[in-house]
Amino acid sequence: MRPLDIFGVTMAPLDVLAATAGVAAAVTVLSLWRALMPPSSFDGRIAALRERREALRSAVAAPRRSRHRHVRGVGLMRRAVTRLDLTRGQHVAAMTLGLARAGFRSRDALVIYLFFKLAMPLVAGAAAGAAMILLPALRAQPMVALLCAMTGVVAGAYLPDLLVKNMSEKRRERIQRALPDVLDLLVVCAQAGLSLEAALTRAARETRQWCPEIADELGLTAVELGFLPDRAQALNNLVKRVDLPSVRALATTLQQAERYGTPLAQSLRVLVSEYRGERLLKAEEKAARLPATLTVPLVVFILPCLFVVLLGPAIIGTIDALRGL
């Protein structure tokens with residue numbers, strides 16, 4: 001058989017046949033290996049993250065009416081607030097931020113807040129004045145009833161602000177307590193190779209059961225990191241909503257890590273150690289205040305019983321001796 005010239009290389013026909021059979025066998029083995037191997041989890045993870053991001057984005061973009069579904073007459077409140085033109089002005093932005101810090105970010109939250117802030121002074125003042133005049137047990141002079149009505153008006157004017165502030169403080173405390181554990185989870189996610197958005201989404205999913213407040217904030221931050229043109233703006237929004245020094249330090253650390261290329265896991269690990277130290281110091285401070293705190297119950301409840309036990313027999317014996325005389 002004559003040799004063949006292939007791309008300038010002289011090969012025997014049997015060598016060409018053997019090379020062709022080897023290539024075919026390699027393609028066959030590769031095809032069988034790809035068919036028998038289980039599907040890669042990376043593609044599934046990417047698809048799940050994409051679906052999660054779209055779900056969070058639609059949840060943030062849509063008005064959250066579920067929290068205020070039990071409030072009836074929202075349309076009436078909106079008409080009253082709009083007719084009085086209460087949604088315009090510089091104070092509206094501060095009110096919206098305060099409601100967001102308390103956990104209310106829906107479109108109807110500001111309307112309900114403004115309506116109750118307008119109606120509560122009138123309702124509280126009228127209720128206090130009517131109670132002082134109509135109830136027999138509280139019936140008083142007209143001037144006293146008028147003074148009570150004015151007091152009710154002032155109390156009703158400050159009541160919505162006090163409720164929102166109280167809810168905001170409780171929410172901040174819950175976030176502060178859960179933040180070290182959330183940072184531990186973020187460190188694990190960063191060491192696993194997840195990006196910042198994926199780590200925040202995973203942390204929000206894992207903390208949904210035991211701390212829904214911080215899960216809500218982390219989920220919203222992950223969504224904003226995905227579609228805002230400036231990623232630093234998303235972290236700044238987190239600082240505005242939460243208003244905690246620890247969250248501000250976390251946002252600064254994440255911004256510096258993205259700006260200078262610092263490993264995310266290393267930066268978060270430093271923050272975790274600092275927050276663990278702060279928690280330990282607070283526990284030691286409470287333990288140091290415990291003796292001073294127990295002084296009042298000791299004096300009020302324990303020492304009288306101790307005096308009765310120690311001095312009681314002596315007093316009874318003295319009384320019996322004096323009676324015998």
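All values derive from a computational prediction rather than experimental measurement. All heavy atoms count here, side chains included; hydrogens, waters and symmetry mates do not.
- Asn237 is not listed as a side-chain neighbour of Thr221, based on a closest heavy-atom distance of 4.5 Å or more.
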### Task
Using the side-chain contact (heavy atoms from CB on, under 4.5 Å) rule, take Asp243 and Val239 through it: C-alpha gap first, then chi angles, then the decisive distance, then the call.
CA-CA 5 Å; Asp243 192 22; Val239 174; 5.9 Å; no
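- For CZ of Arg241, the number of neighbouring non-hydrogen atoms (other residues, nucleotides, ligands) closer than 6.0 Å is greater than 12.
- Here CG of Leu298 is found 8.0 Å from CG of Leu294. Values are rounded to the nearest 0.5 Å.
- Under the 4.5 Å side-chain heavy-atom criterion for Ile, Leu, Val, Met, Phe, Trp and Tyr, Leu250 and Ile175 are members of the same hydrophobic cluster.
- Heavy atoms only, all atoms of each residue included: Val300 and Pro304 are closest at O-CG, 3.3 Å.
- Atom OG1 of residue Thr201 and atom CG of residue Leu218 lie 9.0 Å apart, to the nearest 0.5 angstrom.
- Nearest heavy atom pair, residue Ala199 against residue Cys189, reads CB-CB, 3.7 Å.
- Residue Phe104 comes nearest to Ala109 through the heavy atom pair CB-CB, 3.8 Å, listed as atom of the first residue, atom of the second, then distance.
- Within 6.0 Å of atom CD in Glu284, more than 12 heavy atoms from other residues, nucleotides or ligands are found, so the atom counts as buried in its surroundings.
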### Query
Could you walk me through whether Arg231 and Leu235 pass the side-chain contact (heavy atoms from CB on, under 4.5 Å) check?
CA-CA 7 Å; Arg231 294 170 63 86; Leu235 299 175; over 6 Å; no
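- Nearest heavy-atom pair, Val164 versus Tyr113, reported as atom, atom and distance to 0.1 Å: CG2-CE1, 3.8 Å.
- Hydrophobic cluster membership is shared by Leu244 and Leu183, with clusters built from Ile, Leu, Val, Met, Phe, Trp and Tyr side chains linked at under 4.5 angstrom.
- Side-chain atoms of Arg101 come within 3.5 Å of backbone N or O of Lys240 as a donor-acceptor pair.
- Here CZ of Arg202 is found 13.5 Å from OG of Ser195. Values are rounded to the nearest 0.5 Å.
- Looking at Asp216, its side chain never comes within 3.5 Å of a backbone N or O of Pro212 through a donor-acceptor pair.
- Using a distance-only test at 3.5 Å, with no hydrogens or angles considered, a donor-acceptor pair links the side chain of Thr252 to the main chain of Arg248.
- For Arg259, there are no salt bridge (charged side-chain N to carboxylate O under 4.0 Å, His left out) partners at least two apart in sequence or on another chain.
- With rounding to the nearest 0.5 Å, the separation of CE in Met167 from CG in Leu99 is 9.5 Å.
- No side-chain heavy atom of Thr253 sits less than 4.5 Å from a side-chain heavy atom of Gln256.
- Side-chain atoms of Asn166 never come within 3.5 Å of backbone atoms of Leu162 as a donor-acceptor pair (strictly under, hydrogens ignored).
- Note: the hydrophobic cluster containing Leu220 does not contain Leu254 (ILVMFWY, side chain heavy atoms under 4.5 Å, direct or indirect links).
- At a threshold of 4.5 Å between non-hydrogen side-chain atoms, the residues Arg269 and Gln191 count as touching.
- Taking CZ from Phe227 and CD from Glu197, the interatomic distance works out to 12.0 Å, rounded to the nearest 0.5 Å.
- With hydrogens and angles left out, the side-chain atoms of Thr96 and Arg105 include no donor and acceptor closer than 3.5 Å.
- Both Leu159 and Ile112 are part of a single hydrophobic cluster, where members link through side-chain heavy atoms under 4.5 Å apart.
- Scanning all heavy atoms of the two residues, the minimum distance from Pro160 to Met120 falls at CG-CG, 4.3 Å.
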### Message
Is there a salt bridge (charged side-chain N to carboxylate O under 4.0 Å, His left out) between Lys282 and Glu278? Walk through the geometry before answering.
### Response
CA-CA 6 Å; Lys282 289 182 180 180; Glu278 290 180 2; 5.4 Å; no
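- Nearest heavy-atom pair across Cys211 and Ala178 is SG-CB, 3.6 Å.
- Put simply, Leu194 and Val272 are part of two different groups of oily side chains (I, L, V, M, F, W, Y) that touch within less than 4.5 Å, one to the next.
- Between the side chains of Ser246 and Gln176, at least one donor-acceptor pair of N or O atoms lies under 3.5 Å.
- Rounding to the nearest 0.5 Å gives a distance of 11.0 Å between CD1 of Ile315 and CZ of Phe307.
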### Query
Which is it for Leu200 and Leu186 under the side-chain contact (heavy atoms from CB on, under 4.5 Å) test, yes or no, and what are the steps along the way?
CA-CA 7 Å; Leu200 292 176; Leu186 288 177; 4.0 Å; yes
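- With sequence neighbours excluded, the residues forming a side chain to side chain donor-acceptor pair (under 3.5 Å) with Arg172 are Glu169, listed by chain and number.
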#### Entry: Step-by-step side-chain contact (heavy atoms from CB on, under 4.5 Å) determination, Asn236 to Gln255
CA-CA 10 Å; Asn236 292 331; Gln255 291 179 7; 3.1 Å; yes
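- Using a 4.0 Å cut-off between charged side-chain N and carboxylate O, Arg171 and Glu213 make no salt bridge.
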Without placing hydrogens or testing angles, list every side-chain donor-acceptor pair under 3.5 Å for residues 286-293, not counting sequence neighbours.
unit_1 : atom_1 : unit_2 : atom_2 : d
Arg289 : NH1    : Glu285 : OE2    : 3.2
Thr293 : OG1    : Arg289 : O      : 2.7

